[in-house]
Q: 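Got a structure here, written out as structure tokens. Questions coming.
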Amino acid sequence: MRIVHYNSNVLRNLEVVKFLLEMDGEKPIYIQIAEWLETEIIDGTLQADDKVYSQYQLADLFNINPATAGKGLTILLDAELIYKKRGLGTFVTADAREKLLAKRKGGRLSRLVQDLLNEAALLGLEEDQLIKLIQAGRKERS
Amino acid sequence: MFSTQWSVNELAKRQYLFKLSTNGAVFTTLIVLQIIGTIFISGAGSSSMNEWEEMISVNYTSISNDSQVGLTLFWALIVGFLLTSAAQRNESFSFVTNRLTFQLANFYFICTAALLGGVMTVLIGSVMKIVALFGDNVIIETTGLLSSPLDFFSRILVMTAYTLLIMMIGYLLGTLIQFSKLFIALFGLIWFVYFTFGVSLSVGEGDSVLYFYYGETSILVFVLKVVVSVAVLFGISLFVTNRLEVRNP
Amino acid sequence: MSAITLKNVSKSYRSITVLDQLNLEIRENVITGLVGRNGVGKTTLMKMIAGFIKESEGELRVFGEHPFNSLKVSANMMFIDDMMGFPDALTLDDLLTECDRFYENWNQDLAMRLLEYFKLPLSLNHRVLSKGKRSTFNAIIGIATRCPLTMFDEPITGMDAGARRDFYRALLKDYIAYPRTILLSSHHMEEMEDLLEDILVIDGKSISFHGPITELQEKFLSLQARESVLKSYAIRYAVVHRANAGPMTEWIVDNQHTKAEVEELKQAGIRVSAVSASQAYLAMTGQATGGVDDVFNAMERQ
């Protein structure tokens with residue numbers, strides 16, 4: 001006999017979620033939604049104290065189960081990027097944008113740098129060659 | 001959470017209405033069968049001619065709706081049998097039902113079909129008389145709605161009762177076969193034994209199972225016998241079907 | 001609150017056991033995907049829940065009722081599959097009328113609009129519909145009855161890609177508006193996974209996973225690199241599945257890594273990524289591509 005324990009506690013997986021958030025490649029859909037909402041806050045589409053999409057709106061928008069959409073919102077709630085007003089919905093916290101900018105600089109960008117270094121090591125590039133590449137890239141953009 | 005709560009009666013009624021709308025062919029089959037039967041089989045009644053030495057000749061023709069009765073009973077057996085088919089069951093179980101309401105709906109349907117069979121068969125007799133009149137005949141002996149209404153209605157009652165009985169027998173046979181295919185072999189065996197030894201065993205009329213019904217002279221007792229038989233047949237069907245698994249090829 | 005409860009439920013036909021000692025609680029108003037390889041008893045489980053067939057052992061409850069012969073369960077439950085029997089004598093229009101007769105929450109307007117959208121003329125007979133159209137019609141019935149418990153067994157059989165996408169979309173939209181307990185089985189998990197909240201994996205007569213679909217997804221990681229690289233760096237992880245795609249080898253491993261371990265793998269040139277729920281399911285049930293290669297490899301060696 002086999003008993004399968006059912007565990008619907010989202011928070012139990014917080015460690016896993018954090019880990020998946022930092023991963024490259026294809027991400028679980030709720031993480032994509034969390035990132036999409038973060039981008040909306042960073043680029044100013046969602047301002048401080050703006051109402052955030054409900055989980056049902058997100059479900060409809062992304063064509064996914066409302067519970068999955070809710071999980072995306074939970075990530076932002078846990079990071080205190082959004083807050084709940086009872087009976088009214090969720091709203092963007094005042095310092096959400098600052099938090100996100102800091103996080104992306106410290107987290108995502110440094111991870112991208114790690115990836116860059118990994119690739120450079122694979123190709124046998126020296127540090128000065130790498131810096132030249134970055135400089136060339138920046139020149140092209142401007 | 002659950003919102004809908006039906007009573008057995010209400011649902012049996014709805015399943016019955018569903019049965020009526022899906023099985024219209026059952027009734028048209030009977031009508032077509034009877035029309036064909038009347039035209040081809042009983043067109044020729046039994047005739048006899050008596051001639052005297054003189055110039056008078058009398059032509060007796062007796063017409064009867066015996067063959068129509070036979071056709072209706074044959075139809076009843078088939079309809080009863082077909083009602084137990086897997087297709088019929090699956091159709092019912094595509095909608096709301098349990099085994100009890102499914103059986104009750106079938107029973108209501110059988111009653112309706114039997115009544116129609118009874119009425120039609122008796123009425124065909126009247127039609128035949130009208131047809132005979134067109135043939136320049138004089139009808140001497142008859143019992144019709146106007147001359148003896150009680151007799152007319154009791155004939156409908158008796159015909160309906162027979163149709164009902166035969167239909168329920170077909171229904172039970174079908175139910176048993178649906179329950180286990182072994183019953184096909186059993187019925188085949190019974191059939192064989194009956195026709196090999198059974199006929200010779202029954203000496204007098206009183207021994208026959210059928211005599212139990214047609215030998216009855218009181219209409220009330222006859223009806224009672226049929227009702228009890230039908231109840232027993234239906235009870236067995238109900239018992240057998242109550243554990244039947246459905247939509248399970 | 002659970003809509004469906006199974007305690008040690010088994011089902012067998014004579015000596016053949018189809019489902020063995022299942023313990024299960026399906027949550028109310030949740031869309032649960034029911035997956036498993038052919039013949040593992042998915043349909044049998046659904047038919048038991050529907051009350052069509054009777055469990056051989058154990059205790060089965062649907063909204064607190066024993067479903068076999070329960071009018072209450074039948075009135076509040078819809079079971080859709082491609083074997084659904086509808087009378088030959090009735091047109092699609094007549095069938096909608098019958099649904100209205102039997103189901104309290106039936107929405108005629110929704111059904112009519114969906115039939116029109118899917119180009120199913122009301123005057124047609126169910127029997128003359130093509131396989132895909134028939135599945136579409138049955139699926140529409142399943143949505144428009146809005147039963148508190150709605151079960152779809154392989155509803156997309158024969159449907160083209162557009163119809164499948166539209167069906168899942170219609171189901172989701174109606175579910176958002178009218179939440180209910182939905183059980184959905186399909187062999188094409190990748191098409192339905194976004195729709196699901198929970199997933200129930202049946203494997204070898206019993207349950208091998210039941211929980212939120214995101215949890216199934218998080219159970220595994222995909223590692224991609226040359227086989228020699230994987231063998232020297234990732235050998236210590238429990239590999240559930242191996243596959244070769246060109247010169248690259250993919251291992252799907254249990255997700256029990258520390259951050260440092262992942263960094264180490266990345267530095268070794270291994271691509272670490274998340275798996276989709278359907279990949280996780282396929283790996284778990286040994287259906288991921290590559291398994292059948294072994295058969296041919298074995299024959300060549302002889």
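Residue numbers start from 1 in every chain, and the chains themselves are labelled A, B, ... in the order their sequence lines are given, proteins ahead of strands.
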Q: Given that the side chain runs from C-beta out, which part of B/Asn23 has a heavy atom under 4.5 Å from chain C: side chain, backbone, both or neither?
A: neither
Q: Please table the atom pairs, donor to acceptor, closer than 3.5 Å between any side-chain atom in residues 157-176 of chain B and protein atoms at least two apart or in another chain.
A:
unit_1   : atom_1 : unit_2   : atom_2 : d
B/Thr160 : OG1    : B/Ile156 : O      : 2.7
B/Thr163 : OG1    : B/Met159 : O      : 2.6
B/Tyr171 : OH     : B/Gln103 : OE1    : 2.9
B/Tyr171 : OH     : B/Asn106 : ND2    : 2.8
B/Thr175 : OG1    : B/Tyr171 : O      : 2.7

Q: Taking side chain as everything from C-beta outward and backbone as N, CA, C, O, which of these in B/Leu244 sits under 4.5 Å from a heavy atom of chain C? Side chain, backbone, both or neither.
A: backbone
Q: Only one of C/Lys47, C/Lys11, C/Lys54 clears salt bridge (charged side-chain N to carboxylate O under 4.0 Å, His left out) with B/Glu245; which?
A: C/Lys11
Q: Heavy-atom cut-off 4.5 Å, strictly under: side chain, backbone, both or neither for B/Ser7 against chain C?
A: backbone
Q: Working to the nearest 0.5 Å, report the span between CG of B/Leu82 and OG1 of B/Thr29.
A: 9.5 Å
Q: Relative to each other, are the rings of B/Phe27 and B/Phe109 parallel, tilted or perpendicular (30° and 60° limits)?
A: tilted
Q: Determine all donor-acceptor pairs shorter than 3.5 Å in which one atom belongs to a side chain in residues 179-187 of chain B; sequence neighbours excluded.
A:
unit_1   : atom_1 : unit_2   : atom_2 : d
B/Ser180 : OG     : B/Leu182 : N      : 3.2

Q: Report the distance from atom CD1 of C/Ile49 to atom CG of C/Leu24, rounding to the nearest 0.5 Å.
A: 7.0 Å
Q: Using a 4.5 angstrom heavy-atom cutoff, name the option from C/Ala75, C/Ala89, C/Ala50, C/Ala3 with the most pairs to chain B.
A: C/Ala75
Q: Measure C/Cys99 against the heavy atoms of chain B and call it side chain, backbone, both or neither at under 4.5 Å.
A: both
Q: Under the salt bridge (Lys or Arg N to Asp or Glu O under 4.0 Å) rule, what do C/Arg113 and C/Glu116 come out as? Steps first, then yes or no, please.
A: CA-CA 5 Å; C/Arg113 282 168 192 271; C/Glu116 197 189 337; over 6 Å; no
Q: Of the listed residues (B/Phe93, B/Phe18, B/Phe102), which shares the most heavy-atom pairs with chain C below a 4.5 Å separation?
A: B/Phe18
Q: Go through the atoms of B/Ser94 and report whether side chain, backbone, both or neither lie under 4.5 Å from a heavy atom of chain C.
A: both
Q: Is it the side chain or the backbone of C/Leu71 that comes within 4.5 Å of chain B heavy atoms, both, or neither?
A: both
Q: With only heavy atoms counted, which part of B/Arg89 is less than 4.5 Å from chain C, the side chain, the backbone, both or neither?
A: neither
Q: For B/Gln88, is it the side chain, the backbone, both or neither that has a heavy atom under 4.5 Å from a heavy atom of chain C?
A: neither
